[in-house]
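Read through the structure below, which is laid out as structure tokens, and then see the notes.
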Amino acid sequence: MTGRLTNASLAEAAALLAGRDPQLALIYKTYGPPPMWGRRPGFPTLLRIILEQQVSLVSARAMFARLKSNIEPFSALRFMEAGEATLRSLGVTRQKAHYCVQVAQAFRNGALNDIAKMNDEDAHQELLRIKGVGPWTANIYLLMALRRPDIWPDGDIALASALGRLRRMKTRPSFAELAKIAERWRPYRSVAARMLWQYYLAKRHGRE
């Protein structure tokens with residue numbers, strides 16, 4: 001599937017899912033359609049998702065802001081010129097500094113020029129060719145930057161926590177269990193993910 005979600009199709013899909021799934025219906029009735037949380041396709045977005053790997057969004061946001069204020073212009077070429085040593089001096093870990101440069105090289109070399117035209121599977125595989133881009137990172141890019149409607153970000157802790165709370169489970173579901181449950185939300189798994197993130201954030205911020 002290569003379609004791109006719009007605000008209208010997102011709202012329509014959320015209503016459809018709410019009519020099919022009681023847990024998603026609870027979210028929809030309480031909070032309405034989820035935000036798009038779209039990001040502009042390109043180097044800065046994939047770089048930011050790399051920074052978000054295995055850390056809090058607050059921490060990743062702070063690091064991204066630090067890089068933006070110290071690396072100008074904020075481009076793939078400039079990151080390649082700066083190199084890993086500069087990134088590490090700004091607080092990026094050795095591993096992520098290497099990944100950031102690899103992402104910069106992929107964009108500079110044009111490896112992702114045609115990704116928007118590819119189907120989900122081919123686009124996912126193209127992203128995985130970049131060192132540092134694993135399945136979760138690739139899926140988040142497809143879901144948020146390319147706005148594909150049927151992507152499931154396997155391995156996302158917030159989604160597991162949200163569904164565990166919704167279903168009143170003693171422990172949150174495993175990622176394998178979660179992926180199996182998500183199959184019933186095709187062809188709008190990206191929308192279901194947004195609804196669960198919406199619920200997770202609302203509960204975390206104390207909004208009933």
Exercise for review: Show your working on side-chain contact (heavy atoms from CB on, under 4.5 Å) between Leu16 and Val191 and close with a plain yes or no.
Suggested key: CA-CA 10 Å; Leu16 181 71; Val191 179; over 6 Å; no

Verify, without hydrogens or angle tests, whether [X] (side chain) and [Y] (backbone) share a donor-acceptor contact under 3.5 angstrom.
{"X": "Glu177", "Y": "Ser174", "value": "yes"}
{"X": "Asn70", "Y": "Arg66", "value": "yes"}
{"X": "Asn109", "Y": "Ala111", "value": "no"}
{"X": "Arg147", "Y": "Gly38", "value": "no"}
{"X": "Tyr141", "Y": "Gly42", "value": "yes"}
{"X": "Ser9", "Y": "Leu5", "value": "no"}
{"X": "Thr45", "Y": "Pro41", "value": "no"}
{"X": "Asp150", "Y": "Arg186", "value": "no"}
{"X": "Ser190", "Y": "Arg148", "value": "yes"}
{"X": "Thr86", "Y": "Ala82", "value": "yes"}

Point to revise | Test side-chain contact (heavy atoms from CB on, under 4.5 Å) applied to Ile71 and Leu90, step by step | key: CA-CA 10 Å; Ile71 298 179; Leu90 294 171; 4.2 Å; yes

Is [Y] reachable from [X] through a run of I, L, V, M, F, W or Y residues, each pair having side-chain heavy atoms under 4.5 Å apart?
{"X": "Ile181", "Y": "Leu24", "result": "yes"}
{"X": "Ile49", "Y": "Ile115", "result": "yes"}
{"X": "Trp37", "Y": "Ile151", "result": "yes"}
{"X": "Leu67", "Y": "Leu77", "result": "no"}
{"X": "Tyr28", "Y": "Leu26", "result": "yes"}

Looking at [X] and [Y], what are the two nearest heavy atoms and their distance?
{"X": "Ile130", "Y": "Ala106", "result": "CD1-CB, 3.6 Å"}
{"X": "Pro173", "Y": "Ala160", "result": "CD-O, 3.3 Å"}
{"X": "Pro135", "Y": "Leu128", "result": "N-CD2, 3.6 Å"}
{"X": "Leu87", "Y": "Cys100", "result": "CD1-CB, 3.7 Å"}
{"X": "Val55", "Y": "Ala60", "result": "CG2-CB, 4.0 Å"}
{"X": "Gln198", "Y": "Pro33", "result": "NE2-O, 3.3 Å"}

Review point. Taking the hydrophobic residues Ile, Leu, Val, Met, Phe, Trp and Tyr, and joining any pair whose side-chain heavy atoms are under 4.5 Å apart, which ones share a cluster with Phe175?
Key: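 Via sub-4.5 Å side-chain contacts, Phe175 links to Ile157.
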
Test salt bridge (Lys or Arg N to Asp or Glu O under 4.0 Å) applied to [X] - qualifying residues, sequence neighbours left out:
{"X": "Arg194", "value": "none"}
{"X": "Arg184", "value": "none"}
{"X": "Arg129", "value": "Glu126"}

Check your understanding: Should the pair Trp185 and Trp152 be assigned to parallel (<30°), tilted (30 to 60°) or perpendicular (>60°) ring geometry?
Key ->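 Because their plane-to-plane angle lies in the 30° to 60° range, the rings of Trp185 and Trp152 count as tilted.
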
Exercise for review: Verify the ring-centre separation between Phe79 and Phe107: is it less than 6.0 angstrom?
Suggested key: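 Judged by ring-centre distance (under 6.0 Å), Phe107 and Phe79 do not meet the cut-off.
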
Within-4.5 Å side-chain heavy-atom neighbours: [X] and [Y]:
{"X": "Asp154", "Y": "Leu178", "answer": "no"}
{"X": "Ser161", "Y": "Tyr200", "answer": "yes"}
{"X": "Met118", "Y": "Gln125", "answer": "no"}
{"X": "Leu17", "Y": "Met195", "answer": "yes"}

Review point. Just checking, any donor-acceptor pair under 3.5 angstrom between side chains of Asp156 and Trp136?
Key: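 A donor-acceptor contact under 3.5 Å links the two side chains.
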
Please round to the nearest 0.5 Å and tell me the distance separating atom [atom1] of [X] and atom [atom2] of [Y].
{"X": "Ile50", "Y": "Lys131", "atom1": "CD1", "atom2": "NZ", "value": "12.0 Å"}
{"X": "Arg108", "Y": "Ser75", "atom1": "CZ", "atom2": "OG", "value": "7.5 Å"}
{"X": "Asn7", "Y": "Leu10", "atom1": "CG", "atom2": "CG", "value": "6.5 Å"}
{"X": "Lys68", "Y": "Leu47", "atom1": "NZ", "atom2": "CG", "value": "10.5 Å"}
{"X": "Leu51", "Y": "Met63", "atom1": "CG", "atom2": "CE", "value": "7.0 Å"}
{"X": "Asn139", "Y": "Leu127", "atom1": "CG", "atom2": "CG", "value": "9.0 Å"}

Exercise for review: Can you tell me which residue pairs pass the salt bridge (charged side-chain N to carboxylate O under 4.0 Å, His left out) test with a partner in residues 86-104, sequence neighbours excluded?
Suggested key: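 For residues 86-104: none.
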
Point to revise | Greater than 12 external heavy atoms within 6.0 Å of Glu183's CD | key: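 Yes.
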
Check your understanding: How about Glu12: does its CD atom have over 12 heavy atoms from other parts shown lying under 6.0 Å from it?
Key ->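 For Glu12, atom CD is not crowded (no more than 12 foreign heavy atoms under 6.0 Å).
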
Check your understanding: By ring-ring contact (aromatic ring centres under 6.0 Å, His included), which residues pair with Tyr99, not counting sequence neighbours?
Key ->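 Listed in chain order: nothing, the list is empty.
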
Exercise for review: Decide yes or no on salt bridge (charged side-chain N to carboxylate O under 4.0 Å, His left out) for Glu52 and Arg39, but give the supporting numbers first.
Suggested key: CA-CA 14 Å; Glu52 290 171 353; Arg39 301 185 184 184; 2.9 Å; yes

